[in-house]
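Nothing here was measured: the structure is a model prediction, and the numbers come from that model. Residue indices begin at 1 and follow the sequence shown.
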Amino acid sequence: MDYTYLVNKELEESILGAMIMNKDSAIVGLQSLELEDFYIQHKEHRYIFEAMKDLNDDDKDIDVTSLIAQLQQNKTYELIGGVDFLNSLIDKVYILENFEQYIAQLKDFTLLRKLAIECENIVKESTSKEVSSITDFLTKCENNIIDITNRRRISNFQSAGAIASIVGDQIRKSSGDDKVTGLSTGFSVLDKKINGFGNGQMIVLAARPGVGKSALALNMAYNIAQKQRKTIAYFSLEMSNEELMRRLFALASGISQNKITTGFLNQTEKQLLLEYQREISDTNMYFEESPSVTIDDIVIKCQKLKEQRNDLALIIVDHIGIIQEGSKKFKSDQEKISFFARRLKTLSLDLNIPILVVCHINREVDKNKGKSRIPELSELRGSGEIENSADKVLLMYRESYYKSQGVDVASKKGFGDELSDDNNPFPKSDNDDSRGQKVDILIAKNRQGPTGKVPLLFFLATGRFAVPTEEVGAALDQLDH
């Protein structure tokens, strides 16, 4: 392979010269560089860098005299060309103020060489034998390349002063009003409690099947995409894109999902749906419906979308239990989900955006039908690592769902305090969708704020969630106290 354009000998010489001349440059160079950053055929450069590391390990200053002694000890002094070569390095030093920039440039050459070698290996592997699984092979290739390119993004330590300056500026600019610093969910009562979805956070939304967690995730996605004009990546692993879009048409327009699905629509409703089609089309929502998607697929697709759309604001995975293993095999379902949770948390930090992960509650919660089934943090499926990785955990409880399942939902103190038929401000009948059903969002974990309970209204026919009116909210507050 021709490395003509993947090597910069003069840059290597200038950096080594600066490290000999200046103590601060030597410290920065030894902290930032590796032996591989000096091209393998430039052996004299590698010998000098190794001698510098030896001196630093022994707490000795780096200068021409100490280098000569160390090179002689390493038996490489004559191999570099002696003191004349060391002096020639000093003569090639540019302005010292640009030193960190030179370091970054040299590491970019290392990156290019690694990429070139990896590409050459890909060609060799794909042409020397038959590829048994193209999907696994491509995933492996992409992961290897991502691992190489991610090295360029590693940042240095930040001093306490630098970080304090950033946070102090944020504090001074804060208004002290009800505005949230994170990404608004579109539900003010929830945002006030959790301060929205923060960058780098993994938020878990969990409930039993049928309670409405996918509907709430879709509501949040639409609120962010439509009202805040942000880009959303939505992995729908249970529903097709078409089914998800019918739900989106329903919650946006207020026309029931049943009407949209069956086509029993009058002319006015058809015209209204056409208007909302334009509104939905104007959002930057991207959907992935593949039921065979792997965790590597999610990571790679999101990294690519982030490169294409710098305003990517939220990733939604619905749900974590359906993500496929891919080439990596796991001993148990819990081990698999734990691995997925860690990868998704890492992805949220790498991309510096929140990830909303939809999760099931264990079926164990339905076994005891003699008490109110208020979900608990310990009942998350694969709860250990999900609970550890999550910054926020939101559990959903809808009394009418459990009633329809024949569960005794007798009042229980705590998160799930419920209303009796006599004082319930919501309609008794599941078929009466004019005012919605109460759904409690139980904030079971919140690293940067309080836990507690937030009531929302869920309109089953349209799949829409809303904040209760002041009148209903006041009635709920009075009952909760």
Side-chain angles (χ1 to χ4, degrees), residues 115 118-119 121-122 125-126 131-151 153 200-205 213-214 217-218 221 225 230-245 284-360 381-382 385-386 389-390:
L115 283 173
E118 181 59 34
C119 291
N121 290 337
I122 290 171
E125 188 172 347
S126 61
V131 177
S132 57
S133 171
I134 293 178
T135 299
D136 288 347
F137 179 71
L138 290 176
T139 299
K140 174 187 172 185
C141 294
E142 286 186 302
N143 284 340
N144 289 346
I145 290 175
I146 288 170
D147 286 342
I148 293 170
T149 56
N150 278 346
R151 297 188 182 191
R153 302 170 192 161
Q201 291 184 347
M202 186 177 91
I203 303 96
V204 171
L205 178 64
K213 57 187 180 300
S214 294
L218 187 60
K230 301 287 188 179
T231 297
I232 307 292
Y234 200 116
F235 290 86
S236 175
L237 310 184
E238 282 190 304
M239 288 180 282
S240 68
N241 286 344
E242 288 78 8
E243 184 180 356
L244 201 62
M245 189 54 63
N284 291 315
M285 300 179 71
Y286 295 86
F287 297 93
E288 167 62 72
E289 68 175 13
S290 173
S292 60
V293 71
T294 67
I295 190 67
D296 289 330
D297 292 332
I298 292 174
V299 171
I300 292 168
K301 289 174 185 288
C302 290
Q303 287 171 332
K304 288 181 178 178
L305 185 58
K306 177 68 172 178
E307 291 175 2
Q308 297 166 1
R309 302 282 317 186
N310 193 47
D311 64 340
L312 179 62
L314 178 67
I315 298 165
I316 297 176
V317 179
D318 184 10
H319 64 85
I320 191 171
I322 301 181
I323 300 173
Q324 297 300 299
E325 293 184 2
S327 57
K328 185 176 178 63
K329 303 302 177 185
F330 301 93
K331 295 178 181 178
S332 66
D333 191 51
Q334 183 168 350
E335 182 186 6
K336 177 180 71 174
I337 292 178
S338 295
F339 177 78
F340 293 164
R342 290 192 297 272
R343 286 293 302 274
L344 290 172
K345 173 58 182 176
T346 300
L347 179 63
S348 70
L349 291 169
D350 288 344
L351 300 184
N352 195 34
I353 60 175
I355 296 181
L356 179 64
V357 179
V358 179
C359 180
H360 277 336
R381 191 174 179 190
E385 191 56 46
I386 292 181
S389 298

Which heavy-atom pair separates [X] from [Y] by the least distance, and what is that distance?
| X | Y | result |
| --- | --- | --- |
| Leu205 | Ala217 | CD2-N, 4.1 Å |
| Ala313 | Ile353 | O-CB, 3.9 Å |
| Val131 | Ser126 | CG2-CA, 4.2 Å |
| Ile300 | Thr139 | CD1-O, 4.5 Å |

All side-chain hydrogen bond (donor to acceptor under 3.5 Å, both in side chains) counterparts of [X], not counting sequence neighbours:
| X | value |
| --- | --- |
| Glu125 | Lys140 |
| Glu142 | Lys304 |
| Thr231 | Arg309, Asp311 |

Would you give the length of the straight line joining atom [atom1] of [X] to atom [atom2] of [Y], rounded to the nearest 0.5 angstrom?
| X | Y | atom1 | atom2 | result |
| --- | --- | --- | --- | --- |
| Ile232 | Leu312 | CD1 | CG | 7.5 Å |
| Ser348 | Ile203 | OG | CD1 | 8.0 Å |
| Leu351 | Gln303 | CG | CD | 6.0 Å |
| Gln324 | Thr135 | CD | OG1 | 12.0 Å |
| Asn143 | Leu138 | CG | CG | 11.0 Å |
| Leu344 | Leu356 | CG | CG | 11.0 Å |

Derivation and outcome, side chain to side chain contact (heavy atoms under 4.5 Å, CB included), residues Leu305 and Gln308: CA-CA 5 Å; Leu305 185 58; Gln308 297 166 1; 4.2 Å; yes

List in chain and number order the residues that pass side chain to side chain contact (heavy atoms under 4.5 Å, CB included) with [X], two or more places apart in sequence or in another chain; answer none if no residue qualifies.
| X | answer |
| --- | --- |
| Lys301 | Phe235, Glu288, Asp297 |
| Ala341 | Met202, Ile320, Glu385, Ile386, Ser389 |
| Ser240 | Glu242, Glu243, Glu289 |
| Leu349 | Lys345 |

Full working for side chain to side chain contact (heavy atoms under 4.5 Å, CB included) between Ile145 and Ile122: CA-CA 10 Å; Ile145 290 175; Ile122 290 171; 4.2 Å; yes

Beyond-backbone contact of Lys230 with Leu314, side-chain heavy atoms, under 4.5 angstrom: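 They are not in side-chain contact.
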
Test item: Asn121 and Asn144 side chains (from C-beta on) under 4.5 Å apart, heavy atoms: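 When only atoms from C-beta onward are counted, Asn144 and Asn121 do not touch, as no gap falls below 4.5 Å.
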
Side chain to side chain contact (heavy atoms under 4.5 Å, CB included) between His319 and Ile322, worked out: CA-CA 6 Å; His319 64 85; Ile322 301 181; 3.2 Å; yes

Partners passing salt bridge (charged side-chain N to carboxylate O under 4.0 Å, His left out) against Lys336 (at least two apart in sequence or in another chain):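 For Lys336 the salt bridge (charged side-chain N to carboxylate O under 4.0 Å, His left out) partners, ignoring immediate neighbours, are Asp333.
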
Pair Asp318-Lys213, salt bridge (Lys or Arg N to Asp or Glu O under 4.0 Å): steps then yes or no: CA-CA 9 Å; Asp318 184 10; Lys213 57 187 180 300; over 6 Å; no

Selection residues 284-307 - residue pairs positive for ring pair (Phe, Tyr, Trp, His ring centres under 6.0 Å), sequence neighbours left out: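 Sorted pair list: Tyr234-Phe287.
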
